[in-house]
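Below: the structure, in structure tokens.
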Amino acid sequence: MAGSRGLIVAIDGPAGSGKSTTARLLARRLGYLHIDTGAMYRAMTLKVIRAGIDPHDHECVSRLAMETDIRLEPPENGVRVFLDGEDVSDEIRMLEVTARASLVSEIPYVREILVRAQQDMGREGGVVLEGRDIGTVVFPDADVKIYLDADLQTRALRRHREMISTGIEIRLETVEKDLGARDAYDSEREHSPLRKAPDAIITDTSDLTIDQQVDRVEALVKKLIESETDTNQ
Ligand code: DC
């Protein structure tokens, strides 16, 4: 279902599988737009925290979501996320947001409005979307579906390194425990759980460097672009 601006590339997978980095670099190489859907759920979570609302209160969060504007600005220096007009790109990475994002992102109404926004942004193609439900719910007809995975230990190590480099002091064991719990929650929830689409290509990134990972996905996409060009000639 390639749009007028190019293909729709869907990348799903658990936290720490390398989705964000792969999606960002791949989008840059292809000249596509990178849509980080997790950042949108994080922005909604930040609003819930700021409003002092209990994320278990679905009705209250849904009402808040109704009057919330979340936008991703096309990146010059990486995607920026705007919550009601305010750039919250750094704040959404706080531990407190990460810890509550699973609770907010399981609320059906929150998913409904954010999925609609993602579909609006991606419909014309020329996009790399990353998340948990891109190939299954947001764009089940995406041209390329990739499911990135890696073992829990590797993912925890990567996430820990990332956090330490941004000045967050945390123990590796804590990161591993949190990641495992978040994966279980995201995979077992009722609405749009993290699931591999039946036609997704699985890549285990445990033993790959980021460059190898991006090369592999880029090769897949380029092969598809070439075959589409051939059939259109
Ligand atoms: O990818 P991330 O860690 O930034 O995602 C933040 C949270 O949002 C995570 O708990 C899973 C959830 N999420 C989701 O439910 N669906 C998506 N498409 C993307 C993220």
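Indexing begins at 1, ligand by ligand and atom by atom, following the structure's order.
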Quiz item: Counting distance only, does the side-chain N/O of Arg24 pair as donor-acceptor with the main-chain N or O of His34 below 3.5 Å?
Solution: no
Quiz prompt | Closest protein heavy atom (residue, atom, distance) for atom 7 (C) of ligand 1 | solution = Ala101 CB, 3.7 Å
Practice problem: Evaluate side chain to side chain donor-acceptor pair (under 3.5 Å) for Thr98 paired with Arg42, printing each intermediate quantity in order. | Solution: CA-CA 7 Å; Thr98 306; Arg42 284 171 179 270; 3.0 Å; yes
Practice problem: Using a strict 4.0 Å threshold on nitrogen-to-oxygen distance, state whether Lys222 and Glu226 make a salt bridge. | Solution: no
Quiz item: When you look for heavy atoms under 4.0 Å from ligand 1, do you find them on the side chain of Arg189, its backbone, both, or neither?
Solution: side chain
Quiz prompt | side chain to side chain donor-acceptor pair (under 3.5 Å) between Thr37 and Glu130, worked out | solution = CA-CA 6 Å; Thr37 64; Glu130 49 137 328; over 6 Å; no
Practice problem: Determine whether more than 12 heavy atoms belonging to other residues, nucleotides or ligands lie under 6.0 Å from atom CD of Gln153. | Solution: no
Quiz item: Starting from atom 11 (C) of ligand 1, which protein heavy atom do you reach first, and at what distance in Å?
Solution: Asp186 OD2, 3.4 Å
Quiz item: Do Ser102 and ligand 1 have an N or O pair less than 3.5 Å apart?
Solution: yes
Practice problem: Check for a donor-acceptor pair, side chain of Asp84 on one end and backbone N or O of Thr68 on the other, with a separation under 3.5 Å. | Solution: no
Quiz prompt | Nearest-option assignment for atom 2 (P) of ligand 1, heavy atoms, candidates Arg159, Arg100, Met40, Arg42 | solution = Arg42
Quiz item: Where does Arg182 meet ligand 1, judged by heavy-atom distances below 4.0 Å: at the side chain, the backbone, both, or neither?
Solution: side chain
Quiz prompt | 4.5 Å side-chain heavy-atom contact, Arg29 and Val214 | solution = yes
Exercise. From the options Ile49, Thr45, Leu46, select the one residue that forms a side chain to side chain contact (heavy atoms under 4.5 Å, CB included) with Glu96.
Key: Ile49
Quiz prompt | Arg111 heavy atom under 4.0 Å from ligand 1 | solution = yes
Quiz prompt | Minimum-distance protein heavy atom relative to atom 1 (O) of ligand 1 | solution = Arg132 NH1, 2.9 Å
Practice problem: Check the pair Arg195 / Asp12 against salt bridge (Lys or Arg N to Asp or Glu O under 4.0 Å), numbers first and verdict last. | Solution: CA-CA 8 Å; Arg195 200 158 38 83; Asp12 288 304; over 6 Å; no
Quiz item: For atom 12 (C) of ligand 1, what is the nearest protein heavy atom, given as residue, atom name and distance?
Solution: Ser105 OG, 3.5 Å
Quiz item: Can you tell which part of Glu130 has a heavy atom less than 4.0 Å from ligand 1: side chain, backbone, both or neither?
Solution: neither
Self-check item: Identity and separation of the nearest protein heavy atom to atom 18 (N) of ligand 1
Solution: Asp133 OD1, 2.8 Å
Self-check item: Arg50 with Glu86: basic N within carboxylate O range, under 4.0 Å
Solution: yes
Self-check item: Heavy-atom nearest neighbour in the protein, as seen from atom 20 (C) of ligand 1, with distance rounded to 0.1 Å
Solution: Gly38 CA, 3.5 Å
Quiz item: Taking heavy atoms and a distance under 4.0 Å, where does Ala15 meet ligand 1: side chain, backbone, both or neither?
Solution: neither
Exercise. Compare Asp12, Asp36, Thr37, Val115 and give the one whose heavy atom is closest to atom 19 (C) of ligand 1.
Key: Thr37
Quiz item: Who's the nearest protein heavy-atom neighbour of atom 8 (O) of ligand 1, and how far?
Solution: Tyr41 CB, 3.6 Å
